[in-house]
Amino acid sequence: MKMKKWISRVMAFALAMMMVLGMNMSALAASTSNLNISGTKANGKVEAFKLFNRTESTVNEKKVVAYTLNDKYAGYFTQTGQVGAGKTGDALSAAAYEYVSGLSSAEKATDLSNFAADMWKWLASQSGMTADKTVTATAGTTTLSLEAGYYLVFPAGASVLNGAAKSPAMLLDVDGTSDVNADLKSEYPTVKKTVKTTADGTDGAAGTVKPGDTITYTITSKVPDVSGYNKGYVFKINDTLSAGLTFKELTSVKIGDSDLEKAHYELINPVDDAQKLTLELKDMATGTAGSMTPNTTVYPVGATITVTYTATVNEKAVTGINPNTNKASVTYSNDPSTDGTGTSEEVHADVYTFAFDIYKYTLTNDQQDDVAGNRTGLAGAQFKLYAAKGDAKGDEISLVDETNGVYRQAKDDKEDKVEYITTGNTGIVTIKGLKDGTYYLTETKAPDGFNKLVGDIKVEINHLTYAADDTTNLESFDITYTIPGADHSTTVTVNANDGKAEIPVRNNAGTVLPSTGGNGGIVFTIVGVAIIGVMMVSSLVSKKRKNAK
(Lines give C-alpha, C1' and ligand atoms only; values in the text may rest on other atoms or scores of the structure.)
Protein backbone atom coordinates (compact mmCIF):
# COMPACT_ATOMS: atom_id res chain seq x y z
CA MET A 1 0.00 0.00 0.00
CA LYS A 2 2.84 2.36 0.88
CA MET A 3 4.46 1.55 -2.44
CA LYS A 4 1.27 2.45 -4.32
CA LYS A 5 0.99 5.78 -2.48
CA TRP A 6 4.63 6.54 -3.26
CA ILE A 7 4.14 5.77 -6.97
CA SER A 8 0.99 7.96 -7.04
CA ARG A 9 2.87 10.85 -5.49
CA VAL A 10 5.75 10.48 -7.99
CA MET A 11 3.32 10.40 -10.91
CA ALA A 12 1.46 13.48 -9.64
CA PHE A 13 4.75 15.33 -9.23
CA ALA A 14 5.88 14.32 -12.72
CA LEU A 15 2.55 15.45 -14.20
CA ALA A 16 2.83 18.76 -12.40
CA MET A 17 6.37 19.26 -13.69
CA MET A 18 5.23 18.46 -17.23
CA MET A 19 2.48 21.05 -16.94
CA VAL A 20 4.90 23.65 -15.60
CA LEU A 21 7.43 22.88 -18.33
CA GLY A 22 4.68 22.95 -20.92
CA MET A 23 3.55 26.38 -19.72
CA ASN A 24 7.12 27.63 -19.77
CA MET A 25 7.69 26.28 -23.28
CA SER A 26 4.53 28.06 -24.42
CA ALA A 27 5.80 31.25 -22.89
CA LEU A 28 9.17 30.83 -24.55
CA ALA A 29 7.74 30.02 -27.97
CA ALA A 30 5.60 33.05 -28.72
CA SER A 31 3.01 32.47 -31.43
CA THR A 32 3.16 34.41 -34.70
CA SER A 33 0.92 35.30 -37.60
CA ASN A 34 1.70 35.93 -41.23
CA LEU A 35 0.75 39.41 -42.37
CA ASN A 36 0.26 39.27 -46.16
CA ILE A 37 0.20 42.65 -47.90
CA SER A 38 -0.91 42.49 -51.51
CA GLY A 39 -0.03 45.00 -54.22
CA THR A 40 3.59 45.56 -53.23
CA LYS A 41 6.51 46.03 -55.59
CA ALA A 42 10.00 44.62 -55.32
CA ASN A 43 13.07 46.39 -53.92
CA GLY A 44 11.37 48.64 -51.37
CA LYS A 45 11.05 47.90 -47.66
CA VAL A 46 8.04 47.15 -45.50
CA GLU A 47 8.42 48.21 -41.88
CA ALA A 48 6.19 47.16 -38.96
CA PHE A 49 6.10 49.07 -35.67
CA LYS A 50 4.44 47.25 -32.75
CA LEU A 51 2.57 50.07 -31.02
CA PHE A 52 0.70 47.84 -28.54
CA ASN A 53 1.42 44.40 -27.14
CA ARG A 54 -1.55 42.05 -27.42
CA THR A 55 -2.54 39.26 -25.03
CA GLU A 56 -5.53 37.00 -25.28
CA SER A 57 -7.25 34.79 -22.70
CA THR A 58 -10.57 33.04 -22.11
CA VAL A 59 -12.88 34.00 -19.25
CA ASN A 60 -16.16 32.13 -18.85
CA GLU A 61 -15.71 30.72 -22.38
CA LYS A 62 -15.40 34.21 -23.75
CA LYS A 63 -12.29 35.55 -25.53
CA VAL A 64 -10.79 38.53 -23.79
CA VAL A 65 -8.12 40.68 -25.49
CA ALA A 66 -5.89 43.13 -23.64
CA TYR A 67 -3.53 45.72 -25.13
CA THR A 68 -0.65 47.44 -23.39
CA LEU A 69 1.34 50.32 -24.84
CA ASN A 70 4.83 49.46 -26.05
CA ASP A 71 7.17 51.71 -24.02
CA LYS A 72 9.18 52.30 -27.19
CA TYR A 73 6.37 54.51 -28.53
CA ALA A 74 5.22 56.17 -25.31
CA GLY A 75 6.83 59.46 -26.40
CA TYR A 76 4.19 60.01 -29.07
CA PHE A 77 1.28 59.89 -26.60
CA THR A 78 3.01 62.03 -23.97
CA GLN A 79 3.52 65.00 -26.30
CA THR A 80 1.88 68.23 -25.26
CA GLY A 81 -1.76 68.10 -26.25
CA GLN A 82 -1.83 64.32 -26.60
CA VAL A 83 -4.00 62.00 -24.50
CA GLY A 84 -1.07 60.70 -22.43
CA ALA A 85 0.52 64.04 -21.59
CA GLY A 86 1.67 63.96 -17.94
CA LYS A 87 0.85 60.25 -17.54
CA THR A 88 3.13 57.27 -17.00
CA GLY A 89 2.91 53.51 -16.58
CA ASP A 90 -0.51 51.87 -16.59
CA ALA A 91 -2.31 55.20 -16.72
CA LEU A 92 -0.47 56.16 -19.91
CA SER A 93 -1.11 52.75 -21.46
CA ALA A 94 -4.80 52.96 -20.60
CA ALA A 95 -5.11 56.45 -22.04
CA ALA A 96 -3.37 55.47 -25.29
CA TYR A 97 -5.53 52.35 -25.65
CA GLU A 98 -8.74 54.24 -24.92
CA TYR A 99 -7.87 56.86 -27.54
CA VAL A 100 -6.94 54.44 -30.34
CA SER A 101 -9.81 52.02 -29.64
CA GLY A 102 -12.19 54.98 -29.81
CA LEU A 103 -11.27 55.41 -33.48
CA SER A 104 -12.65 52.02 -34.48
CA SER A 105 -16.14 53.11 -35.60
CA ALA A 106 -16.94 53.87 -39.25
CA GLU A 107 -17.61 57.50 -38.33
CA LYS A 108 -14.04 57.78 -37.06
CA ALA A 109 -12.35 56.37 -40.19
CA THR A 110 -10.88 59.74 -41.15
CA ASP A 111 -9.59 60.32 -37.61
CA LEU A 112 -7.99 56.86 -37.63
CA SER A 113 -6.29 57.63 -40.93
CA ASN A 114 -5.07 60.95 -39.53
CA PHE A 115 -3.67 59.12 -36.49
CA ALA A 116 -1.77 56.69 -38.75
CA ALA A 117 -0.33 59.62 -40.72
CA ASP A 118 0.64 61.56 -37.62
CA MET A 119 2.12 58.51 -35.90
CA TRP A 120 4.25 57.72 -38.96
CA LYS A 121 5.59 61.28 -39.13
CA TRP A 122 6.53 61.07 -35.44
CA LEU A 123 8.26 57.72 -35.92
CA ALA A 124 10.23 59.04 -38.87
CA SER A 125 11.34 62.06 -36.87
CA GLN A 126 12.83 60.01 -34.02
CA SER A 127 16.57 59.64 -34.33
CA GLY A 128 17.63 56.01 -34.05
CA MET A 129 14.08 54.68 -34.16
CA THR A 130 13.98 51.29 -35.86
CA ALA A 131 11.03 49.13 -36.80
CA ASP A 132 10.19 45.98 -34.85
CA LYS A 133 10.14 44.07 -38.13
CA THR A 134 11.56 45.00 -41.53
CA VAL A 135 11.42 42.95 -44.71
CA THR A 136 12.33 43.61 -48.33
CA ALA A 137 9.18 43.95 -50.39
CA THR A 138 8.47 41.48 -53.19
CA ALA A 139 6.40 41.90 -56.31
CA GLY A 140 2.75 41.01 -55.75
CA THR A 141 2.50 40.09 -52.06
CA THR A 142 4.92 40.75 -49.21
CA THR A 143 4.70 38.59 -46.08
CA LEU A 144 5.84 39.53 -42.56
CA SER A 145 5.88 37.04 -39.69
CA LEU A 146 4.70 39.01 -36.64
CA GLU A 147 4.04 38.33 -32.99
CA ALA A 148 0.67 39.29 -31.60
CA GLY A 149 0.25 43.04 -31.40
CA TYR A 150 -1.26 46.18 -32.85
CA TYR A 151 1.02 47.45 -35.63
CA LEU A 152 1.62 50.49 -37.74
CA VAL A 153 2.90 49.12 -41.06
CA PHE A 154 4.65 51.35 -43.58
CA PRO A 155 5.22 50.10 -47.18
CA ALA A 156 8.04 52.36 -48.37
CA GLY A 157 7.60 53.62 -51.91
CA ALA A 158 3.81 53.27 -51.94
CA SER A 159 3.38 56.98 -51.39
CA VAL A 160 0.50 57.99 -53.67
CA LEU A 161 -2.65 58.17 -51.58
CA ASN A 162 -5.96 56.58 -52.56
CA GLY A 163 -9.44 57.81 -51.72
CA ALA A 164 -9.70 59.24 -48.22
CA ALA A 165 -6.32 57.87 -47.09
CA LYS A 166 -4.18 60.40 -45.24
CA SER A 167 -1.00 58.36 -45.29
CA PRO A 168 0.47 55.19 -46.82
CA ALA A 169 0.82 53.86 -43.24
CA MET A 170 -1.62 51.12 -42.21
CA LEU A 171 -2.87 50.13 -38.74
CA LEU A 172 -3.33 46.37 -38.38
CA ASP A 173 -4.29 44.06 -35.52
CA VAL A 174 -2.36 40.76 -35.45
CA ASP A 175 -3.57 38.03 -33.08
CA GLY A 176 -0.49 35.80 -33.33
CA THR A 177 -2.42 32.71 -34.44
CA SER A 178 -4.18 33.36 -37.75
CA ASP A 179 -2.99 35.00 -40.96
CA VAL A 180 -3.90 38.60 -41.69
CA ASN A 181 -4.44 39.68 -45.29
CA ALA A 182 -4.31 43.37 -46.21
CA ASP A 183 -4.34 45.43 -49.39
CA LEU A 184 -2.24 48.52 -49.86
CA LYS A 185 -4.26 51.67 -49.15
CA SER A 186 -1.89 53.67 -51.34
CA GLU A 187 -0.17 53.26 -54.70
CA TYR A 188 3.34 53.44 -56.03
CA PRO A 189 4.10 56.44 -58.24
CA THR A 190 3.17 55.89 -61.88
CA VAL A 191 2.89 57.96 -65.04
CA LYS A 192 0.39 58.20 -67.87
CA LYS A 193 1.27 59.38 -71.35
CA THR A 194 -0.72 60.74 -74.29
CA VAL A 195 0.13 62.20 -77.69
CA LYS A 196 -1.54 64.89 -79.78
CA THR A 197 -0.54 64.80 -83.45
CA THR A 198 -2.04 68.15 -84.53
CA ALA A 199 -2.30 71.52 -82.82
CA ASP A 200 -6.09 71.34 -82.70
CA GLY A 201 -6.30 67.58 -82.20
CA THR A 202 -7.17 65.56 -79.13
CA ASP A 203 -4.89 63.64 -76.78
CA GLY A 204 -4.77 59.90 -77.27
CA ALA A 205 -2.59 56.84 -76.87
CA ALA A 206 -1.61 56.78 -80.56
CA GLY A 207 -1.84 58.76 -83.81
CA THR A 208 -0.55 59.00 -87.37
CA VAL A 209 2.10 61.42 -88.57
CA LYS A 210 4.39 62.40 -91.43
CA PRO A 211 8.01 63.59 -91.40
CA GLY A 212 8.29 67.17 -90.19
CA ASP A 213 5.16 67.03 -88.03
CA THR A 214 5.37 68.59 -84.57
CA ILE A 215 3.60 66.44 -82.01
CA THR A 216 2.80 67.13 -78.36
CA TYR A 217 3.36 64.63 -75.55
CA THR A 218 1.71 64.96 -72.14
CA ILE A 219 2.92 63.02 -69.09
CA THR A 220 0.89 63.00 -65.88
CA SER A 221 1.52 61.69 -62.38
CA LYS A 222 0.56 62.61 -58.80
CA VAL A 223 2.41 64.29 -55.97
CA PRO A 224 3.31 61.56 -53.45
CA ASP A 225 3.25 61.78 -49.67
CA VAL A 226 6.93 62.28 -48.80
CA SER A 227 6.47 62.30 -45.02
CA GLY A 228 9.34 60.65 -43.20
CA TYR A 229 11.82 60.67 -46.07
CA ASN A 230 14.57 62.25 -44.01
CA LYS A 231 17.20 61.97 -46.74
CA GLY A 232 15.05 63.99 -49.13
CA TYR A 233 12.73 62.65 -51.81
CA VAL A 234 13.72 61.75 -55.37
CA PHE A 235 11.14 62.14 -58.14
CA LYS A 236 12.35 61.91 -61.74
CA ILE A 237 10.30 61.50 -64.90
CA ASN A 238 12.23 59.52 -67.49
CA ASP A 239 11.38 59.78 -71.17
CA THR A 240 12.81 57.87 -74.14
CA LEU A 241 12.12 58.81 -77.76
CA SER A 242 12.55 56.34 -80.60
CA ALA A 243 15.00 57.13 -83.42
CA GLY A 244 12.24 58.60 -85.60
CA LEU A 245 11.44 61.34 -83.06
CA THR A 246 13.49 64.39 -82.12
CA PHE A 247 12.92 66.33 -78.89
CA LYS A 248 11.95 69.93 -79.61
CA GLU A 249 11.09 71.80 -76.41
CA LEU A 250 9.61 71.55 -72.93
CA THR A 251 6.44 73.64 -73.01
CA SER A 252 5.14 73.43 -69.45
CA VAL A 253 5.43 71.80 -66.01
CA LYS A 254 2.35 72.14 -63.80
CA ILE A 255 1.37 71.12 -60.29
CA GLY A 256 -2.40 71.11 -60.33
CA ASP A 257 -3.40 74.13 -62.41
CA SER A 258 -0.32 76.18 -61.52
CA ASP A 259 2.93 76.45 -63.44
CA LEU A 260 5.87 75.12 -61.47
CA GLU A 261 8.69 77.64 -61.17
CA LYS A 262 11.85 76.64 -63.00
CA ALA A 263 13.78 76.73 -59.73
CA HIS A 264 11.87 73.61 -58.68
CA TYR A 265 12.72 71.39 -61.64
CA GLU A 266 15.62 70.51 -63.89
CA LEU A 267 15.49 69.14 -67.43
CA ILE A 268 18.41 66.86 -68.16
CA ASN A 269 19.08 66.12 -71.83
CA PRO A 270 22.32 64.10 -72.04
CA VAL A 271 24.57 65.19 -74.86
CA ASP A 272 25.63 61.62 -75.57
CA ASP A 273 22.04 60.36 -75.90
CA ALA A 274 19.61 62.92 -77.26
CA GLN A 275 16.80 60.35 -77.30
CA LYS A 276 16.66 60.24 -73.49
CA LEU A 277 15.30 63.00 -71.28
CA THR A 278 14.97 63.29 -67.52
CA LEU A 279 12.86 65.85 -65.69
CA GLU A 280 13.68 66.00 -61.99
CA LEU A 281 11.30 67.70 -59.55
CA LYS A 282 13.35 69.30 -56.81
CA ASP A 283 12.65 70.27 -53.18
CA MET A 284 9.71 67.89 -52.63
CA ALA A 285 11.05 67.57 -49.09
CA THR A 286 12.96 70.49 -47.59
CA GLY A 287 15.26 70.98 -44.63
CA THR A 288 18.45 69.23 -43.61
CA ALA A 289 19.22 65.52 -43.60
CA GLY A 290 17.35 63.90 -40.72
CA SER A 291 14.78 66.68 -40.38
CA MET A 292 13.21 66.97 -43.82
CA THR A 293 9.57 68.07 -44.06
CA PRO A 294 7.20 67.76 -47.03
CA ASN A 295 7.07 70.90 -49.18
CA THR A 296 3.28 70.86 -49.45
CA THR A 297 3.15 74.56 -50.31
CA VAL A 298 4.67 73.83 -53.72
CA TYR A 299 3.66 70.16 -53.94
CA PRO A 300 0.23 69.52 -52.35
CA VAL A 301 -0.07 65.78 -51.72
CA GLY A 302 -2.24 64.16 -54.38
CA ALA A 303 -2.05 67.09 -56.82
CA THR A 304 -1.65 66.21 -60.50
CA ILE A 305 1.80 66.65 -62.03
CA THR A 306 1.54 67.52 -65.74
CA VAL A 307 4.57 67.73 -68.04
CA THR A 308 4.11 68.77 -71.67
CA TYR A 309 6.72 68.85 -74.41
CA THR A 310 6.94 68.71 -78.19
CA ALA A 311 8.90 66.53 -80.60
CA THR A 312 9.27 66.42 -84.37
CA VAL A 313 9.02 63.42 -86.67
CA ASN A 314 12.31 62.97 -88.51
CA GLU A 315 13.50 61.05 -91.56
CA LYS A 316 14.23 57.94 -89.48
CA ALA A 317 10.56 57.32 -88.66
CA VAL A 318 9.62 53.69 -89.30
CA THR A 319 6.56 52.89 -91.41
CA GLY A 320 3.66 50.48 -91.34
CA ILE A 321 2.59 48.38 -88.37
CA ASN A 322 5.78 49.14 -86.45
CA PRO A 323 5.33 52.18 -84.18
CA ASN A 324 7.49 55.16 -83.44
CA THR A 325 7.41 54.78 -79.69
CA ASN A 326 7.83 57.24 -76.86
CA LYS A 327 8.27 55.64 -73.43
CA ALA A 328 7.99 57.16 -69.97
CA SER A 329 8.52 56.04 -66.37
CA VAL A 330 9.13 57.63 -62.97
CA THR A 331 11.97 57.02 -60.53
CA TYR A 332 11.03 57.65 -56.90
CA SER A 333 12.37 57.20 -53.36
CA ASN A 334 11.40 53.90 -51.75
CA ASP A 335 13.36 53.95 -48.50
CA PRO A 336 12.83 56.73 -45.92
CA SER A 337 16.22 56.23 -44.29
CA THR A 338 18.47 55.86 -47.33
CA ASP A 339 18.83 57.10 -50.87
CA GLY A 340 17.15 53.98 -52.28
CA THR A 341 14.88 54.38 -55.30
CA GLY A 342 12.44 52.36 -57.34
CA THR A 343 11.22 52.79 -60.90
CA SER A 344 7.66 52.45 -62.18
CA GLU A 345 6.63 50.36 -65.13
CA GLU A 346 7.09 52.04 -68.49
CA VAL A 347 4.10 53.44 -70.34
CA HIS A 348 4.16 54.51 -73.96
CA ALA A 349 2.42 56.54 -76.62
CA ASP A 350 2.95 55.54 -80.26
CA VAL A 351 2.72 57.30 -83.60
CA TYR A 352 2.56 55.63 -87.00
CA THR A 353 3.46 56.60 -90.54
CA PHE A 354 2.66 54.60 -93.69
CA ALA A 355 4.02 53.58 -97.07
CA PHE A 356 2.93 51.82 -100.26
CA ASP A 357 4.64 50.46 -103.37
CA ILE A 358 3.86 51.23 -107.00
CA TYR A 359 4.59 48.37 -109.42
CA LYS A 360 4.73 49.59 -113.01
CA TYR A 361 4.53 46.66 -115.42
CA THR A 362 3.37 45.29 -118.74
CA LEU A 363 2.36 41.80 -119.77
CA THR A 364 5.23 39.57 -120.83
CA ASN A 365 2.88 37.75 -123.21
CA ASP A 366 -0.13 39.71 -124.42
CA GLN A 367 -1.95 36.51 -125.25
CA GLN A 368 -1.93 35.29 -121.63
CA ASP A 369 -3.75 36.41 -118.50
CA ASP A 370 -2.58 39.24 -116.24
CA VAL A 371 -1.05 37.17 -113.42
CA ALA A 372 2.12 37.56 -111.35
CA GLY A 373 4.14 35.21 -113.56
CA ASN A 374 3.23 37.12 -116.71
CA ARG A 375 4.40 40.57 -115.67
CA THR A 376 7.53 42.48 -116.62
CA GLY A 377 8.57 45.61 -114.69
CA LEU A 378 8.88 48.83 -116.63
CA ALA A 379 11.52 51.50 -116.09
CA GLY A 380 11.08 55.15 -116.93
CA ALA A 381 7.52 55.77 -115.75
CA GLN A 382 7.15 59.07 -113.91
CA PHE A 383 4.58 59.98 -111.23
CA LYS A 384 3.63 62.82 -108.95
CA LEU A 385 1.80 62.48 -105.64
CA TYR A 386 -0.96 64.83 -104.52
CA ALA A 387 -2.87 65.26 -101.28
CA ALA A 388 -6.65 65.24 -101.29
CA LYS A 389 -8.59 68.46 -100.94
CA GLY A 390 -12.09 67.50 -100.04
CA ASP A 391 -13.18 64.98 -102.66
CA ALA A 392 -10.72 66.22 -105.27
CA LYS A 393 -6.99 66.36 -105.93
CA GLY A 394 -5.22 69.05 -103.93
CA ASP A 395 -1.64 70.22 -103.56
CA GLU A 396 1.38 68.29 -104.78
CA ILE A 397 3.35 66.52 -102.03
CA SER A 398 7.10 67.14 -101.97
CA LEU A 399 9.18 63.98 -102.00
CA VAL A 400 12.82 63.17 -101.34
CA ASP A 401 14.73 60.41 -103.17
CA GLU A 402 16.28 58.08 -100.60
CA THR A 403 17.79 56.05 -103.49
CA ASN A 404 17.15 52.43 -104.45
CA GLY A 405 13.61 53.21 -105.51
CA VAL A 406 12.49 54.68 -102.16
CA TYR A 407 10.87 58.11 -101.94
CA ARG A 408 9.95 59.82 -98.68
CA GLN A 409 7.70 62.75 -97.98
CA ALA A 410 9.98 65.74 -97.31
CA LYS A 411 10.20 66.87 -93.69
CA ASP A 412 10.87 70.54 -94.52
CA ASP A 413 11.75 72.98 -97.33
CA LYS A 414 15.47 72.57 -96.76
CA GLU A 415 15.59 69.06 -98.19
CA ASP A 416 16.38 68.42 -101.87
CA LYS A 417 13.11 67.42 -103.47
CA VAL A 418 12.58 65.51 -106.71
CA GLU A 419 10.43 66.79 -109.56
CA TYR A 420 8.78 63.42 -109.96
CA ILE A 421 9.02 59.76 -108.98
CA THR A 422 10.76 57.55 -111.57
CA THR A 423 10.55 53.76 -111.76
CA GLY A 424 13.75 51.75 -112.17
CA ASN A 425 14.36 48.42 -113.89
CA THR A 426 12.22 46.48 -111.42
CA GLY A 427 9.28 48.81 -112.04
CA ILE A 428 8.80 49.11 -108.25
CA VAL A 429 9.06 52.30 -106.23
CA THR A 430 8.16 52.92 -102.58
CA ILE A 431 6.49 56.07 -101.27
CA LYS A 432 6.72 56.42 -97.49
CA GLY A 433 6.17 58.94 -94.70
CA LEU A 434 2.41 59.23 -95.20
CA LYS A 435 -0.40 59.81 -92.70
CA ASP A 436 -3.70 58.03 -93.08
CA GLY A 437 -6.01 59.73 -95.58
CA THR A 438 -6.56 60.04 -99.33
CA TYR A 439 -3.92 60.62 -102.01
CA TYR A 440 -3.81 60.87 -105.82
CA LEU A 441 -1.07 59.49 -108.07
CA THR A 442 -0.70 61.10 -111.51
CA GLU A 443 1.41 59.45 -114.19
CA THR A 444 3.19 62.33 -115.91
CA LYS A 445 5.19 60.21 -118.36
CA ALA A 446 4.82 56.63 -119.55
CA PRO A 447 7.79 54.41 -120.43
CA ASP A 448 8.91 54.74 -124.03
CA GLY A 449 6.61 52.83 -126.37
CA PHE A 450 3.72 52.70 -123.86
CA ASN A 451 0.59 54.74 -123.40
CA LYS A 452 0.25 57.01 -120.34
CA LEU A 453 -2.60 56.49 -117.90
CA VAL A 454 -5.53 58.79 -118.49
CA GLY A 455 -6.71 59.96 -115.06
CA ASP A 456 -5.39 59.64 -111.49
CA ILE A 457 -4.94 56.62 -109.26
CA LYS A 458 -6.85 57.25 -106.03
CA VAL A 459 -5.15 55.78 -102.94
CA GLU A 460 -6.81 55.68 -99.50
CA ILE A 461 -5.06 54.69 -96.25
CA ASN A 462 -7.78 54.01 -93.69
CA HIS A 463 -9.57 51.61 -91.35
CA LEU A 464 -6.85 51.60 -88.70
CA THR A 465 -7.55 48.84 -86.14
CA TYR A 466 -5.94 48.87 -82.70
CA ALA A 467 -5.73 46.01 -80.19
CA ALA A 468 -8.65 45.81 -77.78
CA ASP A 469 -6.34 45.52 -74.75
CA ASP A 470 -3.79 48.11 -75.90
CA THR A 471 -4.97 51.16 -77.81
CA THR A 472 -1.38 52.00 -78.78
CA ASN A 473 -0.94 48.72 -80.67
CA LEU A 474 -1.93 49.02 -84.34
CA GLU A 475 -2.95 45.58 -85.61
CA SER A 476 -3.95 46.38 -89.20
CA PHE A 477 -4.90 49.05 -91.71
CA ASP A 478 -6.31 49.13 -95.24
CA ILE A 479 -4.94 50.57 -98.46
CA THR A 480 -7.65 50.96 -101.08
CA TYR A 481 -6.77 52.01 -104.63
CA THR A 482 -8.75 52.74 -107.76
CA ILE A 483 -7.07 52.55 -111.18
CA PRO A 484 -8.44 54.97 -113.83
CA GLY A 485 -11.06 53.25 -115.98
CA ALA A 486 -11.56 50.39 -113.50
CA ASP A 487 -15.12 49.61 -112.52
CA HIS A 488 -14.21 48.91 -108.89
CA SER A 489 -11.59 49.66 -106.24
CA THR A 490 -9.21 47.14 -104.65
CA THR A 491 -8.51 46.92 -100.92
CA VAL A 492 -5.37 45.43 -99.38
CA THR A 493 -5.34 44.87 -95.61
CA VAL A 494 -1.88 45.30 -94.09
CA ASN A 495 -1.19 43.48 -90.81
CA ALA A 496 1.75 42.43 -88.69
CA ASN A 497 3.07 40.13 -91.42
CA ASP A 498 3.31 42.93 -93.99
CA GLY A 499 4.96 46.31 -94.05
CA LYS A 500 3.04 47.92 -96.87
CA ALA A 501 0.74 47.23 -99.81
CA GLU A 502 1.63 47.10 -103.50
CA ILE A 503 -0.38 48.95 -106.12
CA PRO A 504 0.04 47.28 -109.52
CA VAL A 505 -0.14 49.76 -112.42
CA ARG A 506 -0.27 48.17 -115.88
CA ASN A 507 0.84 49.92 -119.05
CA ASN A 508 -0.17 48.74 -122.53
CA ALA A 509 2.01 49.06 -125.59
CA GLY A 510 0.62 51.33 -128.32
CA THR A 511 -1.17 49.78 -131.34
CA VAL A 512 -0.06 50.98 -134.87
CA LEU A 513 -2.88 53.03 -136.36
CA PRO A 514 -4.02 52.65 -140.04
CA SER A 515 -2.90 55.33 -142.59
CA THR A 516 -3.41 56.33 -146.24
CA GLY A 517 -0.59 56.20 -148.90
CA GLY A 518 0.76 52.98 -147.57
CA ASN A 519 1.03 49.50 -149.08
CA GLY A 520 -2.55 49.60 -150.36
CA GLY A 521 -1.71 52.50 -152.79
CA ILE A 522 1.25 50.60 -154.20
CA VAL A 523 -0.96 47.66 -155.06
CA PHE A 524 -3.39 49.88 -156.90
CA THR A 525 -0.50 51.52 -158.81
CA ILE A 526 0.85 48.17 -159.90
CA VAL A 527 -2.57 47.02 -161.05
CA GLY A 528 -3.09 50.30 -162.90
CA VAL A 529 0.27 50.02 -164.70
CA ALA A 530 -0.55 46.45 -165.65
CA ILE A 531 -3.89 47.47 -167.11
CA ILE A 532 -2.27 50.29 -169.11
CA GLY A 533 0.35 47.83 -170.40
CA VAL A 534 -2.32 45.41 -171.56
CA MET A 535 -4.16 48.22 -173.29
CA MET A 536 -1.00 49.38 -175.07
CA VAL A 537 -0.21 45.85 -176.28
CA SER A 538 -3.78 45.41 -177.48
CA SER A 539 -3.58 48.70 -179.39
CA LEU A 540 -0.35 47.67 -181.16
CA VAL A 541 -1.79 44.31 -182.15
CA SER A 542 -4.85 46.05 -183.56
CA LYS A 543 -2.72 48.42 -185.71
CA LYS A 544 -0.70 45.54 -187.19
CA ARG A 545 -3.84 43.76 -188.29
CA LYS A 546 -5.11 46.86 -190.02
CA ASN A 547 -1.82 47.35 -191.89
CA ALA A 548 -1.80 43.75 -192.99
CA LYS A 549 -5.14 44.21 -194.73
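Hydrogens, waters and symmetry mates play no part in the numbers below; they use all other heavy atoms, side chains included.
- Annotation: Y386 is not in aromatic contact with Y439 [ring centroid separation under 6.0 Å not met].
- Atom NZ of K41 is surrounded by more than 12 heavy atoms from other residues, nucleotides or ligands within 6.0 Å.
- With 3.5 Å as the limit, one finds no donor-acceptor pair spanning the side chains of Y188 and T40.
- Listed here is the closest heavy atom pair of Y440 and D456: CD2-CB, 4.1 Å.
- With S344 contributing its side chain and V330 its backbone, the two residues share a donor-acceptor pair below 3.5 Å.
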Worked verdict on T246 versus N314 for side chain to side chain donor-acceptor pair (under 3.5 Å): CA-CA 7 Å; T246 303; N314 63 46; 2.9 Å; yes
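- Figure legend: K500 and F356 shown without cation-pi pairing, the cationic atom not lying both under 6.0 angstrom from the six-membered ring centre and within 45 degrees of its axis.
- For the residue pair N238 / S329, a side-chain donor-acceptor distance below 3.5 Å is found, with atom types taken as modelled.
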Are T491 and D478 close enough, and set up right, to give a side chain to side chain donor-acceptor pair (under 3.5 Å), and what steps lead you there? CA-CA 6 Å; T491 296; D478 287 349; 5.6 Å; no
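- In the displayed structure, K445 atom NZ is contacted under 6.0 Å by more than 12 heavy atoms of other residues, nucleotides or ligands.
- By the 6.0 Å contact criterion, NZ on K327 is open, its count of non-hydrogen atoms from other residues, nucleotides or ligands being 12 or less.
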Which is it for T472 and D470 under the side chain to side chain donor-acceptor pair (under 3.5 Å) test, yes or no, and what are the steps along the way? CA-CA 5 Å; T472 67; D470 182 359; 2.6 Å; yes
Show the numbers, then the answer: is there a salt bridge (Lys or Arg N to Asp or Glu O under 4.0 Å) between E443 and K452? CA-CA 7 Å; E443 186 175 26; K452 186 175 67 174; over 6 Å; no
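- Residues forming a salt bridge (charged side-chain N to carboxylate O under 4.0 Å, His left out) with D436 (at least two apart in sequence, or on another chain): none.
- Using a distance-only test at 3.5 Å, with no hydrogens or angles considered, a donor-acceptor pair links the side chain of K417 to the main chain of E415.
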Test side chain to side chain donor-acceptor pair (under 3.5 Å) applied to N374 and N365, step by step: CA-CA 7 Å; N374 190 35; N365 186 336; 5.6 Å; no
Indicate every side-chain donor-acceptor pair of residues 423-433 with a distance under 3.5 Å to a residue at least two apart or in another chain.
residue: T423; atom: OG1; partner: L378; partner atom: O; Å: 2.9
residue: T423; atom: OG1; partner: G380; partner atom: N; Å: 3.2
residue: T423; atom: OG1; partner: A381; partner atom: N; Å: 3.0
residue: T426; atom: OG1; partner: I428; partner atom: N; Å: 3.2
residue: T430; atom: OG1; partner: D357; partner atom: OD1; Å: 2.5
residue: K432; atom: NZ; partner: E402; partner atom: OE1; Å: 3.0

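- Heavy-atom minimum distance, F49 versus M129: CE2-CG, 4.3 Å.
- A side-chain N or O of T143 and one of N36 form a donor-acceptor pair less than 3.5 Å apart.
- For the residue pair K393 and T442, a side-chain donor N or O sits within less than 3.5 Å of a side-chain acceptor on the partner.
- We find that K196 and D203 are not joined by a salt bridge, their nearest charged nitrogen and carboxylate oxygen being 4.0 Å or further apart.
- Under the 6.0 Å cut-off for aromatic ring centres, Y309 and Y217 qualify, their centroids lying closer than that.
- Of all non-hydrogen atoms in T194 and A349, the two that sit nearest each other are C-CB, 4.2 Å.
- Between F383 and Y420, the distance from one ring center to the other does not fall under 6.0 angstrom.
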In sequence, state the C-alpha distance, the side-chain angles, and the governing distance for D370 and R375, and then conclude on salt bridge (Lys or Arg N to Asp or Glu O under 4.0 Å). CA-CA 7 Å; D370 186 352; R375 292 176 175 178; 2.8 Å; yes
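- No hydrogens or angles considered: nothing links the side chains of D225 and S159 as a donor-acceptor pair under 3.5 Å.
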